[in-house]
Amino acid sequence: MDTIVAESTSPVSAGAVGIVRLSGENALPLALRVFSSKEIASPDSVEPRKMILGMLRTDTLMDKAFCFYCKAPLSFTGEDVVEIQTHGGRAVIRSLIRTLVSFGARPALPGEFSKRAYLNGKLTLDAAEGIADLISARSEAEAMQAYRLLSGDLAKGIYASEERLTLALANLEVALDYPEELLEDTDTTCLGIVKSVLSDLKLLLAHSRDGKKIREGITVAIAGLPNAGKSSLLNALLKDERAIVTDIPGTTRDTLYETLEINGTPVNLVDTAGLRDTEDLIEKIGVAKAKDAINGADLVLLLEDGSVPQTKEEKELFLSLKNKKHIVVQSKSDAARYPREEADLCISSKTGENLGALLDRILADTGAKALADTAVLTRERHVFAVKKAVDALQCAVDNFFSVSPDCTAVDLRTACRALASITGDDVTEEVYEKIFSEFCVGK
Amino acid sequence: MNKTFDAIVIGGGHAGVEAAHALAAMGHNTLILSLTLDAIAFLACNPNIGGTGKGHLVKEIDALGGIMGILADKATIQTRMLNTGNGPAVQSLRAQVDKALYHRLAKAALETTPNLSILEGEATELLIENNTVKGIRTAMGDTYFAKAIILATGVYLDSRIIIGECIRETGPNGYIRSSKLSANLSRLGLSIRRFKTGTPARVLASSIDFSKMIPQYGDQGIPAFSYMTDYKVRNDYLCYLTYTNQTTHKIILDNLDKAPLYNGTISGIGPRYCPSIESKIVRFKDKERHQVFIEPEGADTTEMYVQGMSTSLPYDVQEKMLATIAGLENVKIMRYGYAIEYDCLDATEFYPTLQSKKIQGFFSAGQSNGSSGYEEAAAQGLMAGINAALYLEKREGLVLRRDQAYIGVLIDDLVTKGADEPYRMMTSRAEYRLQLRQDNADIRLTEIGRAVGLVKDDRYQKYLEHTAEIGRIQKMLSLTFSPDKIAEVFAMRGEPLPKSGLSAKDFLRRTALNADDLVKVSKEFAEVSPRALAYVETELKYEGYLEKQKREIREEARLEELALPADFDYDKVEGLLTEARQKLQKIKPLTIAQASRISGVTPADITVLIIYLKKKAAK
């Protein structure tokens, strides 16, 4: 079986830890391409069923992490399984999965770990009960999402590639199924089409690597002094009808992440700890993290509480954001007695005043609106599918003149099916449709 | 006369013949009932057997112990191997056959099959008790009893023949149709559908100017359909190629209002892959000409088949249209082309064993299942016959997998997806096409035919000899040739000569070299069976691609082993999406793998099913 990967942290109880699970014969070699530890000298030396502390390296980040290896058949699925435990947070998990996929892991389908467990006689009844419910809940949602994600230029690109590839395959297949009738119709452009689709898909993949922002969304940090109304704003934004909450809230220590989707663009909102000088050790850590969050954000919302006068700390905070893209938001406009002259917007989380305007500003200031219109593969599943298509087409092109057409057809069909896993088309039917609409065959 | 049988086959066409033969050969007292005994194994349309995909089916029927291949070889008058340049997987044998001879041979084969009774008659009613078949009633009012009944009525259920405005209520060739059974089947709760197909005119050879056409010769030295055929098949007849032209097209377009397909006379659904000439002209307006093949209907007749000109236009338009074609200027039509409409069943109401989901002991095969073609019919007839026999023996049914046989693809497509038009076998329907070759049909299937009891000792012995020979050749592959020994062949093929020696295995792997070249350089290989060597060569040349497909097959195979009970209640399974639930309830798949192929059933649904099975098993 091929090696599959997915986040295995339960979406309903996401916490400070995120777990990514790999299952399949290449689970361990794949894991060791992103995880290293002093305890691991070679793949053979990884001790099964032991938590190993080490370093995680993905395409975008480095962090400490734990690795846990279960050797087949003594694992959940009955196959080699590796679990990597990271600090929670969507960005880390997504980056890790994306990296593993780029090395050849396949994003698991809903319930696929359980399916493998069952096939290998590993699934317990208790586990089965819970999992079935979870999958059914998820699959409805995923069906909706898959539909929504395929819009705009990306969809056009994928559909166009699939369409042309289907035509190339139909060209090939019609010659195989009607060898006598095509003496004069035989199309020699098959290779040409395949080459051009291949280069288009390669470009799409390259863009997907550049399109980090679209994949992971834009990050907006909400900063301010304690009690400036940061959490209230966060909650109010979550309730805005344009904002769809796509992820379950999870806390990383004391920085709270929420991901919204605003007009189709994922927006990661980071609620930072109140920023102030403190002697309290725990709070000190929180403040340090908040500063990190601000540095890493694409945009900072600085909240200033209009119900109290401006303090020196607040002024300093404002000045510290001079070189950072920011919006100054005066909060609590319903109770504002001390207006701030530097404020760009006055809002009230309580009455909802100007919240819509704030969302518009966020999209405009981060350039997210423009980004959303760019054709970029956003999901690991899509990246995987396109990659698979690219590999198959490369194989078809490389071997075009050294193998017979029935072999080339295998590669083209693999590529068509990979793209069809995104579009949901039935390849066999599409090819027939093409054969009988493009060629006059049959006696 | 005895009125009680183990099984009754209704219909003596290609499906009926194989079904009756299989049942009787497996030891079951069988009755085959045909409307007209003169129409047993009647080739109602084109005078050939085989071709792409279809040739594979014939080989598979033969490998399982069916008779189509044996009959076709004996009736062959020209033979060709199609697709020789496109790779071994799609190479397909096609034979022009003598239609009358084919019929006589098939009838004789049935007459000499032990346990088989042949009767001319029309079945008008199925006798059913407790949703189980008991027998049939005939048009004369007589009754016959059996525990298994196979419907193989072809295009004869309530059929009508259409030529322009002339509509006759008959089957092909003026043979009588079956006019009561369809209504009876409908009353029994089976869904009835209306399909359409057609055939071109037959013309007199002496009225044709063959000098204006391109002769098409048979290929020499190619193997026969049947592994049992050890003589050289006849190969001395010619076909001819000519073309339509703009005048032909104009006549057709000018008369479209008289075309039953376009003026509303015909409501049945016709096949896309077998269009009438009027459809071709309408749909492909820009095409300047269409191919027309003139093919002999038999060895001792000068009636010729006009391949490519299927039509239901009025007689006078047919005359004018044919006369525009080079070589047919003075053509004399002997039989006019026609369209035929007929009733058939919905194959999704049948299990992959071809047994009905609604009536126990009732099977259906061939065009009555919505397929098209002699070979597709024979393949289903064979499987329905085998499964009816296994049913009588209370043994588990035989379902061939998609990676095992085209027959498996054909039946799975029919019962899982259903057919919106008459279904034709095409090689591109087989996702594991590279495995399903003509050269390995016996290796794939003969053991299976043996296990069910259809493959007799003589065929099995041949098969064992063949596999032993393959084993012997595989051991010889390590033989190594020195550079000077292979230099000549390499130079001829333009291959760079390796400096050190080369093993036979690496020799055969090379694209530019073939088994014939190997035989030239090695007297050891010159002595082996060419057929076994060809098999070994193909497996070697395809190794990489075959391995890719085998990996996919292995993954799918585990799902094939997970059985779903036929009476499974999908309403009780929580978590299935509505569309999937409805489809599953209708199709009633026998395995998880079959369930996964139903359109609208998602991977998540499959997991939900698997888990539900697990829960059920634990209780």
Side-chain angles (χ1 to χ4, degrees), chain A residues 1-2 109-112 114-115 118-119 123 125 127-129 131-140 142-143 169-170 172-181 183-185 399 402-411 413-414 417 426 428-429 431-433 435-437 439-443, chain B residues 46 52-53 82-83 85-90 92 200 271-275 280 283-284 287 289-291 293 307-310 424 426-429 431 433-434 511 541-542 544-545 548-549 551 554-555 558-559 562 574-577 599 602-608 610-615 618:
Chain A
M1 294 289 236
D2 55 354
L109 298 168
E112 202 172 6
S114 312
K115 186 164 113 184
Y118 177 75
L119 289 172
L123 196 63
L125 189 58
E129 302 265 3
I131 290 165
D133 297 342
L134 198 63
I135 291 161
S136 57
R138 260 176 68 169
S139 55
E140 293 276 9
E142 294 214 345
L169 184 56
L172 207 58
E173 293 287 7
V174 77
L176 299 181
D177 268 326
Y178 293 93
E180 285 180 301
E181 296 187 50
L183 304 170
E184 53 203 85
D185 277 327
N399 298 312
S402 61
V403 299
S404 47
D406 52 356
C407 288
T408 302
V410 171
D411 290 327
R413 197 163 283 262
T414 303
R417 277 184 169 181
D426 179 335
T428 307
E429 280 314 307
V431 171
Y432 286 130
E433 205 53 56
I435 285 181
F436 296 113
S437 63
F439 305 97
C440 183
V441 287
K443 327 187 207 193
Chain B
N46 52 323
T52 48
L82 308 179
N83 263 335
N86 286 329
V90 291
S92 306
R272 277 178 296 181
Y273 51 80
C274 194
K280 291 193 226 177
R283 290 180 45 220
F284 295 92
K287 200 163 167 179
R289 60 178 196 173
H290 295 268
Q291 287 177 325
F293 290 94
Q307 181 92 270
M309 294 294 285
S310 171
R424 179 202 199 273
M426 293 167 78
T427 66
S428 44
R429 294 195 193 268
E431 55 274 53
R433 182 163 63 190
L434 297 186
T511 314
K541 285 218 162 71
Y542 271 54
Y545 278 89
K548 270 190 209 177
Q549 294 212 322
R551 268 199 299 273
R554 275 197 297 272
E555 294 189 9
R558 302 165 69 172
L559 298 181
L562 288 180
E574 278 175 44
L576 287 176
L577 301 189
S599 70
T602 67
D605 294 316
I606 292 301
T607 310
V608 169
I610 287 175
I611 288 167
Y612 184 83
L613 280 181
K614 166 80 181 174
K615 279 156 65 176

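So you know, we letter chains A, B, ... as the sequences are listed, proteins then strands, and number each from 1.
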How long is the span from the CG atom in N83(B) to the OG atom in S404(A), to the nearest 0.5 Å?
-> 10.0 Å

Do you know the tightest heavy-atom contact between Y542(B) and C407(A)?
-> CE2-SG, 4.0 Å

Value rounded to 0.5 Å, distance of OG in S92(B) from CG in D177(A) | 8.0 Å

With only heavy atoms counted, which part of L434(B) is less than 4.5 Å from chain A, the side chain, the backbone, both or neither?
-> side chain

Which atoms of R424(B) come close to chain A, meaning under 4.5 Å heavy atom to heavy atom: side chain ones, backbone ones, both, or neither?
-> side chain

Note: vs chain A, highest number of non-hydrogen pairs under 4.5 angstrom among L562(B), T511(B), T427(B), L82(B) is T427(B)

Output yes when K548(B) and D411(A) qualify as a salt bridge under the 4.0 Å nitrogen-oxygen rule, no when they do not.
-> yes

Side chain, backbone, both or neither: which part of R429(B) has a heavy atom under 4.5 Å from chain A?
-> both

Where on P88(B) is there a heavy atom nearer than 4.5 Å to chain A: the side chain, the backbone, both, or neither?
-> both

With a 4.5 angstrom heavy-atom cut-off, could you sort out which part of Y612(B) is near chain A: side chain, backbone, both or neither?
-> neither

Quick one: closest heavy-atom pair of E173(A) and S428(B), and the distance?
-> OE1-CB, 3.1 Å

Using the test salt bridge (charged side-chain N to carboxylate O under 4.0 Å, His left out), find all partners of D406(A) that sit at least two apart in sequence or belong to another chain.
-> none

State the CG-CG distance between L172(A) and N86(B), to the nearest 0.5 angstrom.
-> 8.0 Å

Hey, which of V90(B), N46(B), T52(B) has the most heavy atom pairs under 4.5 Å with chain A?
-> T52(B)

